[in-house]
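What follows is a single structure, written as structure tokens, with notes after it.
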Amino acid sequence: MKRAFISWFFVATVVLTTLIAPQAKADTLASFLPDIAASDLVPGAQSFGPIRNDIMVAPVMKDGEVAAWAFLTSDYVGTTGYSGKPIHVVAAIDADAVLTGVKLVKHSEPIVLIGIPNKRMIELTEGYAGLDLKHEAQTGGEGHDLDIISGATVTIMVIDDSLVRAGIKVARALGLGDLSPVQATGPKRSLDMAQTQVSDWTTLAGDGSVRRMTLDIGQVNAAFAATGDARAIKRPEPGAEDDTFIDMQLAVVSVPSIGKTLLGEGEYKNLVNWLEEGEHAVLILGRGSYSFKGSGYVRGGIFDRIQLIQGDRSVRFFDRQQRRLGSLATDDSPSFTELDLFKIPADAEFDPAEPFRVQLLVPRAVGAIEKTFLTFDLGYKLPESYLEPLAPVQVVDDATEEAAAKAALWQRIWRDRTVEIGVLAVMLLVLTATFFFQFQATMNARAFLWFRMSFLTVSLVFLGWYANAQLSVVNLMALAGSLRSGFTWDAFLLDPLVFIQWFAIAAALLFWGRGAYCGWLCPFGALQELTNRVARLLKVPQWTVPWGLHERLWPLKYMIFLGLFGLSMNSIPLAEKYAEVEPFKTAIILKFMREWPFVIFALTLLLIGLFVERFYCRYLCPLGAALAIPARIRMFDWLRRYKDCGNPCQTCHNECPVQAIHPTGEINPNECVNCLHCQVLYQSETKCPVVIRTLKRRAKTGSAGPKISLGTPPANHPHAIKTPIS
């Protein structure tokens, strides 16, 4: 009772501290400016002025005058990269809407995995100084050459896109370079969905419903020659000058008349079923020696050779947004080698009634691993015959628009990760069934061992190394910061696998305590147990920590957690730095491809774990400590015990993999990882004295009937006892 009171008092204290502590420092322009010299953004500048209240910009002061305005790209546009986290870039823009300086201030991109030094990324980002945003606004953000680092295409495209779009928004908001906010000047046009007549290829090609761009090899070679890059000129495209490099054609097939003509009635119905409300689709056709798809989407899931651009917005297509088309429904159409449908998500705010273009990226190798790139545009404007006028659009306030954009973003991410979400759902269902029917699951010790090792392997490989869905104490610190600064679901919904796991854990804490995650779903915990299992097979000696020392080492992880939590009250970035005590980022997220001190630390923990099973889980894990604190409020005791457990029998105490069972027989719910090994022993005919004694008595008396049933005995049974809660 005393311990239960202490646990509740501790939880209440933590909650109260969370609510009254000062707000955590967030990634804003104000948080980055102190670490940047004004001269880094404007040569000769001395300081920054105060950040404006109406627009998130800060004046860059030079000789007492405003020389430029500094802004953070992630304050204006989405900058999510491959890591799933924002790429933060601070830039400055002058009165002529020209970028005077650019600084990459923070990112979480795993570029180290492909051997690209962070210095190279910084240099490339700083190279955007001098970019004229007036020209970019006129050309839709494509008035400059894109400098691609081979292997980091998506990261560079995100930086490029965010700088251009955010810069144009700032210029328009401040009226720089004669750019002003876009105003609705008249009725907007929309699709006339009532038009469903079917025509033919010749008609569509003639009226502009299908647009075409043809490049021959001579044109491409001439374009690279015009860049003046001698390395590119030395490596021309193979083939005759008049050979077709690519013949690419484009149509908006979500327009009923165009879609039914090119796809046919049946395929058009499939398209309509594929598209959600607000989504559109384009058909891209190609033939020639160059593929507009390439093979990058096979490796990374993104079509990095094409992107759709409308105004200052761009859309990049992922493999889940693409479907291959076998053939066209028109008898008079040319033959094509590539026929692909691409879905444009609703959050892209694509308007088929407005002009847009599809940009084709053409690379050329200029070294062993280095490439240079050119872009070619296929413009498109839907013929007037497909449009009808609409009433003027109502202006939406910024808060509503931002909320809608955030909702559209996480909904798109969830749709893109449907397969991963499905696999995780199956894992959670299997685990829940195992816990509810743990007696049946553990009847066969060998079968259960194979099941557990298989489940842990899936947790490590799928949740950890593939999906990067390793939970961390940082998630809890971020939650606490969000509760203090104004909680919203949007940030947590951006990572669906992490979000689902936390919801599952919240439910599991009421039923089984922390073991549902720590013992089964944690990728690093799985890595420890699997490596220890291999060590046992190789006859590596196992060390049993003396019980007295073991009990005194337990509090270490709680001290680490409380230290990190207290630190996060003052500075979440600083707490995240010290949260490297968790080896999860090194061993799971980055797969040991990191600076050597982090790798040595993670490997040392795994090495100790070869001799002491789950050493890190037992004594050091702050996440385990955080989950253990509410473990005592669970409503049920599922692990079955006999009256003989602990007195005189010590089998479970001696064999518990994490020494969570006291010599007196009680199971400590704060330390138990629900591996269910004690339930295997509970039914063992070779190790459990109660079972052995029962079998001997039956053999002696010649009792008939079924094999011993070890279900939950009645309350008056001499061997019945519930798991105590101490």
Side-chain angles (χ1 to χ4, degrees), residues 1-12 14-15 427-439 441-442 452 455-456 459 471-473 475-476 500-526 528-529 550-551 554-558 561-562 613-614 616-641 645 652-653 656-662 664-682 712 721-726:
M1 189 69 181
K2 179 180 177 182
R3 291 188 180 182
F5 172 77
I6 293 174
S7 297
W8 278 105
F9 177 78
F10 177 81
V11 172
V14 169
V15 172
M427 292 178 66
L428 293 175
L429 287 174
V430 170
L431 185 59
T432 302
T434 302
F435 283 162
F436 271 110
F437 302 101
Q438 61 188 35
F439 182 74
T442 55
R452 177 164 171 76
F455 196 98
L456 291 178
S459 295
L471 302 189
S472 168
V473 70
N475 301 139
L476 295 176
I500 292 171
Q501 285 189 85
W502 276 115
F503 251 82
I505 289 170
L509 286 174
L510 298 176
F511 286 83
W512 302 288
R514 77 177 181 116
Y517 180 75
C518 296
W520 294 83
L521 293 170
C522 176
F524 188 76
Q528 289 181 93
E529 186 163 334
H550 176 62
E551 279 191 309
W554 273 345
L556 283 178
K557 59 179 174 287
Y558 298 97
F561 167 67
L562 291 175
E613 184 171 347
R614 285 182 176 259
Y616 178 78
C617 298
R618 297 194 202 188
Y619 308 124
L620 300 177
C621 182
L623 176 62
L627 297 179
I629 291 171
R632 292 184 178 276
I633 68 173
R634 74 193 196 286
M635 298 184 295
F636 306 100
D637 295 321
W638 297 86
L639 301 179
R640 301 176 179 184
R641 313 293 290 144
C645 294
C652 292
H653 165 70
C656 178
V658 293
Q659 293 181 259
I661 301 179
H662 288 260
T664 51
E666 301 94 342
I667 297 175
N668 187 338
N670 285 22
E671 307 304 322
C672 177
V673 295
N674 278 75
C675 66
L676 302 184
H677 181 63
C678 59
Q679 301 307 286
V680 173
L681 296 176
Y682 182 89
T712 304
I721 184 170
K722 291 186 176 180
T723 304
I725 300 179
S726 56

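Values in this document were obtained by computation on a predicted structure and should not be read as measured data. In what follows, every heavy atom counts, from backbone to side chain, and hydrogens, waters and symmetry copies are set aside.
Taking CD of Gln438 as the reference point, atom CG of Leu639 lies at 5.5 Å (rounded to 0.5 Å). Considering CD1 of Ile505 and CG of Leu623, their distance stands at 7.0 Å, rounded to 0.5 Å. Rounding to the nearest 0.5 angstrom, the gap separating the CD atom in Glu666 from the SG atom in Cys672 is 13.5 Å. The CG atom of Asn674 sits 6.0 Å away from the CG atom of Leu676 when rounded to the nearest 0.5 Å. Summarising the geometry, atom CH2 belonging to Trp502 is positioned 5.5 Å from atom CG belonging to Leu471; distances are rounded to the nearest 0.5 Å. Expressed to the nearest 0.5 Å, how far CZ of Phe561 lies from CG of Leu556 amounts to 15.5 Å.
Below 30°, between 30° and 60°, or above 60°: for Phe435 and Trp512 the angle between ring planes is between 30° and 60°, a tilted geometry.
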Full working for side chain to side chain contact (heavy atoms under 4.5 Å, CB included) between Thr442 and Tyr682: CA-CA 9 Å; Thr442 55; Tyr682 182 89; over 6 Å; no
Verdict with supporting geometry, Leu681 and His677, side chain to side chain contact (heavy atoms under 4.5 Å, CB included): CA-CA 6 Å; Leu681 296 176; His677 181 63; 3.8 Å; yes
Between Tyr616 and Lys557, is a side chain to side chain contact (heavy atoms under 4.5 Å, CB included) present by the stated rule, with each step listed? CA-CA 9 Å; Tyr616 178 78; Lys557 59 179 174 287; over 6 Å; no
Tell me, with the steps shown, if Arg618 and His550 meet side chain to side chain contact (heavy atoms under 4.5 Å, CB included). CA-CA 9 Å; Arg618 297 194 202 188; His550 176 62; 4.0 Å; yes
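By the 4.5 Å heavy-atom criterion applied to side chains, Ser459 and Met427 are counted as neighbours. Using a 4.5 Å cut-off on side-chain heavy atoms (C-beta onward), Gln659 and Glu613 make no contact. With a 4.5 Å cut-off on side-chain heavy atoms, Asn670 and Trp554 do not count as touching. Within the 4.5 Å cutoff, the side chain of Cys617 has no heavy atoms near those of the Val658 side chain.
Pairing each heavy atom of Arg641 with each of Ile661, the nearest pair is NH2-CG2, 3.8 Å. Residues Leu456 and Gly519 approach most closely at CD2-O, 3.6 Å, considering heavy atoms. Scanning both residues, Trp520 and Gly515, for their nearest heavy atoms gives CD1-O, 3.6 Å. The two residues Ala516 and Leu431 have their closest heavy-atom pair at O-CD2, 3.6 Å.
In summary, Arg614 and Glu529 engage in a salt bridge, as defined by a charged side-chain N under 4.0 Å from a carboxylate O.
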